[in-house]
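All remarks here apply to the structure that follows.
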There are 2 protein chains.
Amino acid sequence: MVSRAFPTPGHDHGACAAQALAAAEKLCQARGARLTAVRRKVLSLVWQSHAPVGAYDLLARLNKGGGKIAPIAVYRALDFLMAQGLVHRLASINAYMGCAHIGHDHAAQFLICKDCGCAAELESPALRKALVKAVAGRGFTIDREIVEISGLCPHCKAS
Amino acid sequence: MVSRAFPTPGHDHGACAAQALAAAEKLCQARGARLTAVRRKVLSLVWQSHAPVGAYDLLARLNKGGGKIAPIAVYRALDFLMAQGLVHRLASINAYMGCAHIGHDHAAQFLICKDCGCAAELESPALRKALVKAVAGRGFTIDREIVEISGLCPHCKAS
DNA sequence: TCGTATATGTAACGTTATAACATTTTGAAC
DNA sequence: GTTCAAAATGTTATAACGTTACATATACGA
């Protein structure tokens with residue numbers, strides 16, 4: 001399977017998130033990367049839903065219960081998680097989501113539902129290829145690509 | 001020609017910008033859209049270079065000489081210009097650039113040089129088609145697409 | 001010229017992200 | 001196990017980006 005599909009409204013998200021966390025744990029261990037308490041907590045919060053979440057939302061959730069963590073701490077955790085490929089940033093909505101294809105580098109594309117707020121990761125080789133081809137011949141060297149498509153997901157369209 | 005190429009370092013930018021402003025003027029007149037003084041000024045500032053420019057940069061330039069324009073005025077002007085298709089917003093860098101293909105709706109793609117800061121508009125039908133195709137079959141309805149590719153432009157790569 | 005829609009002014013505020021520097025924790029070498 | 005340097009976190013302040021709410025002014029057709 002190439003894409004993480006949009007979750008059905010009633011899917012078992014607990015299992016979904018737990019699996020992602022376990023995989024992240026394993027990956028970090030293998031790499032000698034330190035998945036510290038803050039980082040693990042931020043990652044778990046990111047995985048609380050399939051809707052990308054803002055940094056200050058994460059901050060508020062971290063501090064729910066009287067914590068005093070500063071914004072910078074969240075951004076640092078997110079930077080680490082992005083460097084490890086565990087989290088993606090969606091530039092068009094200033095939000096972060098868990099990566100569905102950890103363990104290998106990939107230039108992903110994102111579908112963002114403007115109704116329910118959920119996002120799905122595409123990772124289409126054909127699209128990637130078309131992009132590279134479109135740029136080729138212009139003498140431009142690609143460093144990073146951002147492809148974010150907003151619209152209506154299947155579930156929201158149906159209702 | 002499908003794309004606005006990266007300008008050569010010494011190109012006649014005065015003529016380039018003047019042409020864009022004249023075309024915008026004409027388009028607004030034809031549509032009955034009011035290209036007021038503020039909007040015209042913002043558009044001309046946007047066209048002062050081929051590097052996308054931030055809203056607060058525009059603001060500073062507007063106020064150079066003692067003006068007191070507020071941020072909101074710039075954003076309102078930009079909103080108008082974007083609605084008319086005269087300006088694009090680059091979400092990945094929070095900046096704005098003049099549109100090179102005014103007068104017809106288009107889903108453009110952008111190449112952004114991380115060295116000189118210049119950006120070019122691609123508007124590749126093949127890429128667009130690949131994107132639509134990649135999304136098709138997933139039941140997702142496209143509303144808006146953002147494709148922003150950062151890297152090195154030909155001129156910067158050469159030097 | 002009247003009235004309404006459009007545009008702009010004004011002030012305050014909300015949101016997103018980073019800078020700069022101090023302190024603590026970690027893990028490996030000795 | 002002590003020491004040391006690198007990595008991580010804490011603390012405070014601030015930069016950068018964008019909007020709300022409401023008042024005023026201008027344009028333009030009836």
Side-chain angles (χ1 to χ4, degrees), chain A residues 24-25 28-43 45-46 51-63 65-84 86-97 112 117 144 146 148, chain B residues 24-25 28-43 45-46 51-63 65-84 86-97 112 117 146 148 150:
Chain A
E25 199 86 48
C28 285
Q29 195 149 26
R31 285 179 181 163
R34 285 148 69 176
L35 187 57
T36 62
V38 188
R39 292 166 175 174
R40 186 180 294 107
K41 183 66 183 166
V42 167
L43 182 58
L45 289 172
V46 161
V53 56
Y56 277 74
D57 276 355
L58 291 169
L59 180 63
R61 293 181 200 182
L62 276 172
N63 283 340
K68 302 182 187 26
I69 290 178
I72 185 72
V74 174
Y75 284 103
R76 288 200 276 228
L78 288 171
D79 284 346
F80 168 85
L81 295 170
M82 288 190 286
Q84 297 298 326
L86 299 172
V87 158
H88 292 292
R89 175 171 196 270
L90 300 189
S92 62
I93 56 173
N94 296 323
Y96 304 82
M97 68 181 289
I112 307 167
R144 227 161 43 94
I146 290 174
E148 297 177 16
Chain B
E25 198 87 48
C28 286
Q29 195 149 27
R31 286 178 180 165
R34 284 149 68 176
L35 186 58
T36 63
V38 188
R39 291 166 176 174
R40 185 180 294 108
K41 183 65 182 166
V42 168
L43 183 58
L45 288 173
V46 162
V53 56
Y56 276 72
D57 276 355
L58 291 169
L59 180 63
R61 292 182 201 181
L62 275 171
N63 284 339
K68 302 181 189 23
I69 290 178
I72 185 69
V74 174
Y75 284 104
R76 288 199 277 228
L78 288 170
D79 283 347
F80 168 86
L81 295 169
M82 286 190 286
Q84 297 298 325
L86 299 172
V87 159
H88 292 292
R89 176 170 197 271
L90 300 189
S92 63
I93 56 174
N94 296 323
Y96 305 82
M97 68 181 290
I112 306 167
I146 290 174
E148 297 176 17
S150 78

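Hydrogens, waters and symmetry mates play no part in the numbers below; they use all other heavy atoms, side chains included. Naming convention: chains lettered A, B, ... in sequence-line order (proteins, then strands); numbering from 1 in each chain. Please read all numbers here as calculations on a predicted model, not as lab measurements.
Residue pairs that meet the salt bridge (charged side-chain N to carboxylate O under 4.0 Å, His left out) test with at least one member in residues 29-43 of chain A, sequence neighbours left out, are A:E25-A:R40. Listed by first then second residue, pairs satisfying side-chain hydrogen bond (donor to acceptor under 3.5 Å, both in side chains) with a partner in residues 72-81 of chain B number zero, not counting sequence neighbours.
Between B:V87 and B:M97, the closest side-chain pair of non-hydrogen atoms is not below 4.5 Å.
Here the closest heavy-atom approach between residue B:A91 and residue A:S92 is recorded as CB-CA, 4.1 Å.
Partners of A:R89 under the side-chain hydrogen bond (donor to acceptor under 3.5 Å, both in side chains) rule, at least two apart in sequence or in another chain, are A:N94, A:Y96. Judged as a side-chain hydrogen bond (donor to acceptor under 3.5 Å, both in side chains), and not counting sequence neighbours, B:S150 has no contacts.
Rounded to whole angstrom, the span from the CG atom of B:L59 across to the P atom of C:dG9 amounts to 12 Å. Between the C1' atom of D:dC17 and the CG atom of B:L90 lies a distance of 15 Å, rounded to the nearest Å. We find that CG of B:L35 is positioned 14 Å from P of D:dA27, with the value rounded to whole Å. Rounded to whole angstrom, the span from the CG atom of A:L58 across to the P atom of C:dT16 amounts to 11 Å. One can place CG of B:D79 at 11 Å from P of D:dT20, the figure rounded to the nearest angstrom. Between B:Y75 atom OH and D:dT20 atom C1' the separation is 14 Å, expressed in whole Å.
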I'd like a table of atom pairs between the protein and nucleotides 7-14 of chain D - only N or O on both sides, under 3.5 Å - with the distance next to each one.
unit_1, atom_1, unit_2, atom_2, d
D:dA8, OP1, A:R39, NH1, 3.2
D:dA8, O5', A:R39, NH2, 3.3
D:dT9, OP1, A:T36, OG1, 2.5
D:dG10, N7, A:R76, NH2, 2.6
D:dG10, O6, A:R76, NH1, 3.2
D:dG10, O6, A:R76, NH2, 3.4

